[in-house]
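Chain letters run A, B, ... following the sequence lines, proteins first, then strands; residues in each count from 1. Quick caveat, the model's predicted, so the values are computed rather than measured. Just the heavy atoms: all of them, side chains too, but no hydrogens, waters or symmetry mates, feed the values below.
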Amino acid sequence: MLERARRGERRALDELVEAHRLPLWRFAMRLTGNGAEADDLAQDTLVRALRALEGFRGEAALRTWLLRIASNLWIERVGKAERRRRDDREVEEVAPPDPPRLVEGLLARERQDELRRAVAGLPPRQRATLVLKVYHEMTFEQVAATLGCPVGTAKANYHHALSRLRRELGAIGASGGAT
Amino acid sequence: MRCEQVQRALRSDEALSGELAEHLAGCESCRASWAADEALVAELRELPNAEPPSGHPRSFRRGVEARLRAETRPAAPSRNVAPVGLAAAAALLVLLGAVALLPLSEGTGAGAPPEAPMALLSPEDLTPGDLIRLEEAALTLAPASGEEIGAQVWATALGGETEWIGELSDEEQRALLEALDEDLG
């Protein structure tokens with residue numbers, strides 16, 4: 001199907017797009033947090049997949065392969081800008097800490113927005129790792145294969161992502177013990 | 001085992017080994033941290049999926065097609081201009097023209113193929129917006145066959161084959177092109 005779609009066969013392209021549009025778009029939304037950017041990322045991913053057919057190793061792994069392309073594309077695209085923004089935020093973090101954000105009775109919608117903002121504030125690789133781990137329920141081996149990094153790096157990224165989110169969200173249970 | 005090691009291990013999907021379990025049993029801080037991780041992940045999983053806007057399948061597909069076309073445009077080799085390139089270029093016109101002028105297809109003749117209209121609407125000159133308008137025009141003019149014609153328009157622009165273009169005589173092509181030219185004002 002990929003090969004036929006690449007040659008411009010309308011039906012094959014339709015099938016490919018329809019089969020992967022929604023999961024790919026949702027994944028892109030988790031990464032970008034923005035509909036237009038998610039469109040761009042998901043569309044670029046499919047085009048890159050068609051262009052890089054030789055890198056594809058079998059129909060069963062197609063979705064994982066697409067996630068890999070999307071992740072790498074996104075990390076490559078926004079990594080630099082994200083790092084710059086993160087640096088800005090880290091400067092802000094030197095300021096006196098905000099009051100605890102978790103307030104009993106907080107509206108669910110506000111909490112959801114807060115979670116989304118916190119996830120959006122993660123560095124790209126941490127965010128991609130978190131999304132693959134939490135929403136795609138991948139093992140660390142699968143995450144590592146998808147992002148093209150060592151398993152240890154995937155574990156470290158996940159660890160840092162959770163630590164950062166908890167710090168950002170003021171979640172209960174302070175990280176780090178006494179011993 | 002230090003607390004930091006324990007918390008990293010818990011986040012690494014490691015099985016609760018004896019040492020790990022022993023530490024957890026005696027460390028309230030690590031138990032609280034583990035529970036906080038679990039609660040956070042559960043909250044994240046409960047975040048509702050964003051849904052794309054209505055009309056997304058169509059707009060998304062067009063976005064992909066436009067990207068493919070944009071990628072193939074600079075790579076289009078000039079050696080394809082004739083005869084395949086001309087046929088593809090003409091196909092764009094004929095595909096749309098054929099919708100409105102199907103009766104003309106019964107005519108015969110051996111006139112020279114028109115050149116100006118082909119040059120006017122080479123696939124490489126068309127924007128995605130042009131393709132969309134062509135497709136929509138095909139659907140409007142011939143609801144029954146417009147979808148297939150629209151598909152052919154896109155296939156042509158994307159470098160696909162349009163088999164039936166070769167079935168039209170030069171006279172038929174010229175008639176269709178002239179009619180289309182007139183239609184475009």
Query raised in the report: Can you say whether A:A118 sits under 4.5 Å from chain B via the side chain, the backbone, both, or neither, judging by heavy atoms?
Result: neither
Report task. Can you run down the salt bridge (Lys or Arg N to Asp or Glu O under 4.0 Å) pairs that involve residues 26-36 of chain A, sequence neighbours left out, and say none if there aren't any? Result -> A:R26-B:E51
Query raised in the report: Is it the backbone or the side chain of A:V119 that comes under 4.5 Å from a heavy atom of chain B, or both, or neither?
Result: side chain
Query raised in the report: When rounded to the nearest 0.5 angstrom, what distance separates OG1 in A:T153 from CZ in A:R125?
Result: 9.0 Å
Query raised in the report: Side chain of A:R127, backbone of A:A120: donor and acceptor closer than 3.5 Å?
Result: yes
Query - Closest contact, heavy atoms only, B:R31 versus B:L24 - result: NH1-O, 2.8 Å
Query raised in the report: Out of B:P53, B:P57, B:S59, which one racks up the most heavy-atom pairs below 4.5 Å with chain A?
Result: B:P57
Requested in this report: Please assess B:R11 against A:S163 for the test side chain to side chain donor-acceptor pair (under 3.5 Å), listing each intermediate value before the final yes or no.
Outcome: CA-CA 10 Å; B:R11 288 174 176 177; A:S163 295; 2.6 Å; yes
Query raised in the report: Can you tell which of A:V134, A:V17, A:L115 has the highest number of heavy-atom pairs within less than 4.5 Å of chain B?
Result: A:V134
Query - Region of B:A35 in contact with chain A, defined by heavy-atom distances below 4.5 Å - result: neither
